[in-house]
Amino acid sequence: MITIAGAGLAGLACAHELLARGLPVTVYDRAEEIGAASASRYAGGMLAPWCERESAEEEVITLGCRALDWWARITPVHRRGTLVVAPRRDRAELRRFARRTRGFRDLDAAEITDLEPELAGRFDAGLFFDREAHLDPRRALRDLARAVAARGGEIRLGTAAPAGVDLDCTGISAPLTDLRAVRGEMAVLRSAEIRITRTLRLLHPRTPIYLVPRGEGIYMLGATMVESDHDGPPTLRALMELLGAAFALAPGFAEAEVIETGAGLRPAFPDNLPRLDWRDGTLFLNGLYRHGFLLAPAMAEAAADKIMEMRHGNPREFRTA
Amino acid sequence: MILYDTELPSRLFLGTAQYPSPAILQEAIRASGCAVATVSLRRENANGSGAGFRDLLQETGVRILPNTAGCHSVREAVTTAHMAREVFGTRWIKLEVIGHADTLQPDVFGLVEAARILSADGFQVFPYTTEDLVVGEHLLAAGCEVLMPWGAPIGSGRGVVNPEGLRAMRAHFPGVPLVVDAGIGRPSDAAVAMELGMDAVLVNTAVARAGAPVAMARAMAQAVEAGRLGHHADPMDRRDMAVPSTPVPGLAELI
């Protein structure tokens, strides 16, 4: 039996991978409900390795590009691509983004309108990353928990993990000295008028934002990046910037309802990349930062392989490829 | 260079926002050998401790200059300065009182007032100001011993847009340390500022958002050094006519 602390994204993904390798698991989480205390609750749910490369290391692509197929076996994945635009006066931001990334094609105003008619006449140029996708984070976490349970994994909610678990996936609560919190603030909008079908990124030198459709007129708007471990509600400044940017993207959002606002803490290591750490008999998977859904599958596979290796001596025989 | 009785080993200051990761920021600080790193308290640590980021910064051994970035009023700036003194344990404060949300131009009236309040309270104030000489005089009268004129609007990367203004400032305040804050986009901009006789240069966006931040940090350090040396080497005057660099007398008359 492998014991796991934390039934968030990392813990459940590891449970899934361990079960796939034939190891029984028990996952503990203090929260009463799946995802209630998880940072991924506030995530965008973008599977966007090529866009993320703009500010992240190459690993987001090498580790992240498998995430789409992994998640598609568990939860609906919307392969609609990512559309990146910038206001006319911030065209330099678009050029910079293009220089830092790959896997896109350039769009003119007419092509932007073809993809997303809601943006007609608003942007002269854009970048389209057609291989990217998005999912609904809260649904994905519930579906992942269901998949774990269906394979015989046990998830004990409302229960603190016993001391000395095999695998610690407790995010920012983990006792790792070089882990820090990067606060993210977000809002959820509902609009009966706006029709946007894919992830949009609006570049801006001060407040770049993204908008991810959740279906049925619901849109997730994110997210700030603040070096802080404060987990209180979003500040007025953050919401002003996010909501102002949504309005710049499509003025029709002026009439949208703000149905939720929230803030979460992304756990991050100094290089902003996730890492496996072996300490005192416990394997720690942490530091998923802003790439939880993107990098959790690859990191969970690595964690499961590591545990197989520790248990059986020869990891190769147990790999599920 | 001595600022407020503190001797600094380098004339490059780095801002710490917008880096791809704290690891790259640490590397940039080390590679550039910068003496001072500015940190925004309000923007980076809103209500929380921000201790993780701060610890990573302090690991480098760089001297920290907290700032009041994002403050739009005297009261906000003064409150932020007090929080910064508490958090960072330093009397240094880079004072920003923003007057215009779009250009981030300093509100020089609020700046002078906040500088007076903070200086009286024992702070050592580094005011982010324009190249205006009268404002500079008021800031000195308010207790500042350093001035930080802009090169261009924050984050614009336009370089030194008014070299005459900085030249006049140098001439007007011969003994006052002048640190160009904001607008530096390329190493050549930093060199221009130093050639004008500025004492130091503060750079953030140009390094943090470069494709290779660590290399750019090093380039900025070299440009600052080159500009400084050039300034002290008594550069030649510009002229319209060509002057052959090989002396004419003594050349063989071949025809």
Side-chain angles (χ1 to χ4, degrees), chain A residues 52-60 89-90 92-93 95-101 172 176-185 203-208 224-238 240-241 244 263 265-273 275 287 289-291, chain B residues 15-30 37 39-60 66 69-72 76 80 83 87 98 101-104 153-158 185 204-206 208-214:
Chain A
E52 284 299 311
R53 183 69 178 92
E54 183 255 336
S55 61
E57 306 289 337
E58 183 67 16
E59 281 89 335
V60 291
R89 70 174 199 177
D90 295 323
E93 293 295 314
R95 288 194 296 272
R96 177 180 182 277
F97 199 92
R99 284 203 306 274
R100 301 279 195 275
T101 55
I172 199 62
L176 298 171
T177 46
D178 52 353
L179 197 67
R180 74 187 203 286
V182 182
R183 174 179 157 91
E185 295 148 294
L203 303 184
H204 184 278
R206 287 185 223 168
T207 49
T224 58
M225 305 267 282
V226 187
E227 292 284 349
S228 170
D229 58 3
H230 177 59
D231 65 354
T235 61
L236 182 144
R237 188 201 305 263
M240 207 167 65
E241 287 173 352
L265 300 180
R266 308 173 181 96
F269 289 119
D271 60 1
N272 290 343
L273 287 173
R275 202 167 73 204
Y289 182 49
R290 56 182 272 171
H291 305 121
Chain B
T16 57
Q18 302 183 63
Y19 282 80
S21 70
I24 291 176
L25 165 62
Q26 285 179 320
E27 224 184 309
I29 288 173
R30 291 186 179 121
V39 185
S40 156
L41 189 72
R42 189 160 285 261
R43 298 292 296 191
E44 304 296 326
N45 309 132
N47 300 321
S49 80
F53 182 76
R54 205 165 57 240
D55 290 347
L56 290 169
L57 202 55
Q58 283 170 338
E59 267 175 28
T60 63
C71 291
H72 286 254
E76 214 186 341
T80 305
M83 283 162 57
V87 168
I98 300 301
D102 224 25
T103 61
L104 300 182
I154 296 172
S156 68
R158 291 172 60 194
N204 189 351
T205 313
R209 301 197 78 210
V214 178

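In what follows, chains are A, B, ... by sequence order, proteins preceding strands, each numbered from 1. Here the structure is a predicted model, which means the values were calculated and not measured.
No side-chain donor-acceptor contact under 3.5 Å links A/Asp271 to the backbone of B/Ile24. Panel note: side chain A/Arg96, backbone B/Arg209; a donor-acceptor pair is recorded below 3.5 Å.
In terms of heavy-atom proximity, A/Pro270 sits nearest to B/Ser21 at O-CB, 3.4 Å. Shortest non-hydrogen contact noted between A/Glu227 and B/Pro22 is OE2-CG, 4.4 Å. Contact between A/Ser55 and B/Pro20 at its shortest, heavy atoms only, is O-CB, 3.4 Å.
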*Let me see the working for A/Asp229 and B/Arg54 under salt bridge (Lys or Arg N to Asp or Glu O under 4.0 Å), right down to the final yes or no.*
CA-CA 12 Å; A/Asp229 58 3; B/Arg54 205 165 57 240; over 6 Å; no
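Among residues two or more places apart in sequence or in another chain, the side chain to side chain contact (heavy atoms under 4.5 Å, CB included) test is passed with A/Pro267 by A/Ile172, A/Leu179, A/Asn286.
Of the inter-residue distances, the one linking A/Thr177 atom OG1 with B/Asp55 atom CG reads 10.0 Å to the nearest 0.5 angstrom.
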